[in-house]
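Notes follow once the structure below has been shown.
Convention: sequence-line order gives letters A, B, ...; per-chain numbering from 1.
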There are 2 protein chains.
Amino acid sequence: MRPNDLPGIRDLPLFRSMDEASFAELMNAAYLQKFPRQVDLILEGEPADFLYVVIEGCVELFSRHAGRETTLGMVVPVSSFILAAVIRDAVYLMSGRTTEASRILMIPSENIRAIFEKDGAFARAIVRELALDFRVMIKEYKNLKLRPGIERLANRLLRLHDQNAAAGSFMLPYDKKTLASILGMTPENLSRGFATLRAYGVDVAGNTVTIADVDDLRAFAKMNPLIDQ
Amino acid sequence: MRPNDLPGIRDLPLFRSMDEASFAELMNAAYLQKFPRQVDLILEGEPADFLYVVIEGCVELFSRHAGRETTLGMVVPVSSFILAAVIRDAVYLMSGRTTEASRILMIPSENIRAIFEKDGAFARAIVRELALDFRVMIKEYKNLKLRPGIERLANRLLRLHDQNAAAGSFMLPYDKKTLASILGMTPENLSRGFATLRAYGVDVAGNTVTIADVDDLRAFAKMNPLIDQ
DNA sequence: CGGAGCATTGAGACCGGTCAAAAACAGTGG
DNA sequence: CCACTGTTTTTGACCGGTCTCAATGCTCCG
């Protein structure tokens, strides 16, 4: 694997500060692979054999239980996933599948752990990464536990709106079924949620969303920096 | 602060592997304090000035939003809390209060971060701790997103039953109001949940719970090692 | 014995889920 | 360009779980 195959990898917070030899060693052991959409990459319950980095495309993390399925997160370039399982040499707690054609870097867990043991800068980078992931997770948990579905939707729309700054409208980055699963609601309910938010100036056409009066929606959503950041 | 004031601290996974000088430095900067019950230790939104370690007693982590309040976790001896906020030099995402008279060790964040930067073993210990906390958090999130309230209750009872191995009955470690909040339900609903579980051999008298037929309850609960561990 | 707080129970409302069907949409091949 | 097909989204009707509010019972303590 040639380093110039990997724009962005070395720049990732996770790999930026580690020393050159360690990085080379990691990349040497790694595989860069292309996957079509809807390929299962990992399955919850199986041992964490690889750390994954999404270079291109998109990966959906999800979990199944008792006939239900829920989306736990979407991973977009360039970032890694299931770091915690790799570090603890444990079993995956989430399944993962591509939602579009993707290029994925797979780094064997043993190599991650070996370098983690000897490269202090890498260990510190992992700390920072995990601490961040953990805080994101807490926020999602609070979001789910403290807010009704429609407020979760409103806040998600506001977040998307703010990311596509200035523009009056934006595109939903995934289909509505997936969005519903992320928000912890059914597609039917999401649909009704959109209908309700029309009264607050939200217009949905296909997957294009226009927010007429952001302040109005913001008031309804009860944004909270300790949940929405 | 004398080290022999602190049984268990040095044995914590977080501090076990760090070198003696670093540990002494940390303990030197730390405060060991006694608090009565119902004292607010930290408030969400404020900067993380200290890492906390519960030596004796119990601390409830909780969060408020829009007039609601929910319990995010209970910290019992001997373990630390809000490590992620300290590492990221960020704001607390949870509030914390004692639920009984407690002895708490408070270590200034700057000292944690300083030693984290220079002691590789400590950095690695933090990684392991955060990775574990993260996985516990994921499980809680899945629990909430994938299961109805009564199944969360059933599984929680089974977990408590298993912890008090062999014994036919056990005590709820907190009052029912708190248990309800942990489980993400109202006290009224918890009460009805207990009533429903009577049909599966669960008997509740005060805060003493007896499970007549564990297998029966287990079948109902749909235990899942990827949620309940 | 009385009061405070906690736990339980009941009634009603609401949010969210299920099921079924219609409508909108995208992609395909004629 | 248009029918055809399969998928996604929406809508409607209905049901169940959960919350709220209120009243009652219980227990612990002063």
Those residues at least two apart in sequence (or on a different chain) that pass side-chain hydrogen bond (donor to acceptor under 3.5 Å, both in side chains) with R156(A) are none
May I ask you to evaluate whether K177(B) reaches the phosphate of dG5(C), defined as a side-chain N or O under 4.0 Å from OP1 or OP2? no
So ring-ring contact (aromatic ring centres under 6.0 Å, His included) across residues 82-108 of chain A, not counting sequence neighbours, yields none
Using a cut-off of strictly less than 4.0 Å between a heavy atom of the residue and any atom of DNA chain C, enumerate the qualifying residues of residues 142-153 of chain A by number. P148(A), G149(A)
Is the shortest heavy-atom distance from the side chain of R97(B) to the side chain of V39(B) under 4.5 Å? no
Does F62(A) reach the side chain of T70(A), with side-chain heavy atoms less than 4.5 Å apart? no
Stretch residues 58-65 of chain B: residues that reach within less than 4.0 Å of DNA chain D through a heavy atom: none
In residues 198-210 of chain B, what residues come within less than 4.0 Å of DNA chain D, judged by heavy atoms? none
For chain B, the stretch of DNA chain D it reaches, first to last nucleotide, under 4.0 Å of its heavy atoms: dT18(D) to dC21(D)
Contacts of type side chain to side chain contact (heavy atoms under 4.5 Å, CB included), residue P108(A), not counting sequence neighbours: A29(A), Y31(A), F50(A), N111(A)
Give the table of side-chain donor-acceptor pairs shorter than 3.5 Å for residues 194-214 of chain B, with sequence neighbours excluded, one pair per line with atom names and distance.
{"residue": "T196(B)", "atom": "OG1", "partner": "R192(B)", "partner atom": "O", "Å": "3.0"}
{"residue": "D213(B)", "atom": "OD1", "partner": "D215(B)", "partner atom": "N", "Å": "3.2"}
{"residue": "D213(B)", "atom": "OD1", "partner": "D216(B)", "partner atom": "N", "Å": "3.3"}

Selection residues 30-48 of chain A - residue pairs positive for salt bridge (charged side-chain N to carboxylate O under 4.0 Å, His left out), sequence neighbours left out: E44(A)-K142(B)
Inter- and intrachain pairs under salt bridge (charged side-chain N to carboxylate O under 4.0 Å, His left out), touching residues 70-93 of chain B, at least two apart: D89(B)-R113(B)
For Q229(A), does the CD atom have more than 12 heavy-atom neighbours from other residues, nucleotides or ligands under 6.0 Å away? no
Kindly write out the residues that satisfy ring-ring contact (aromatic ring centres under 6.0 Å, His included) with Y141(B), not counting sequence neighbours, or none if the list is empty. none
Axis-to-axis angle for the helix from dC1(C)-dG30(D) to dG30(C)-dC1(D), ends of five pairs each, to 10°, equals 30°
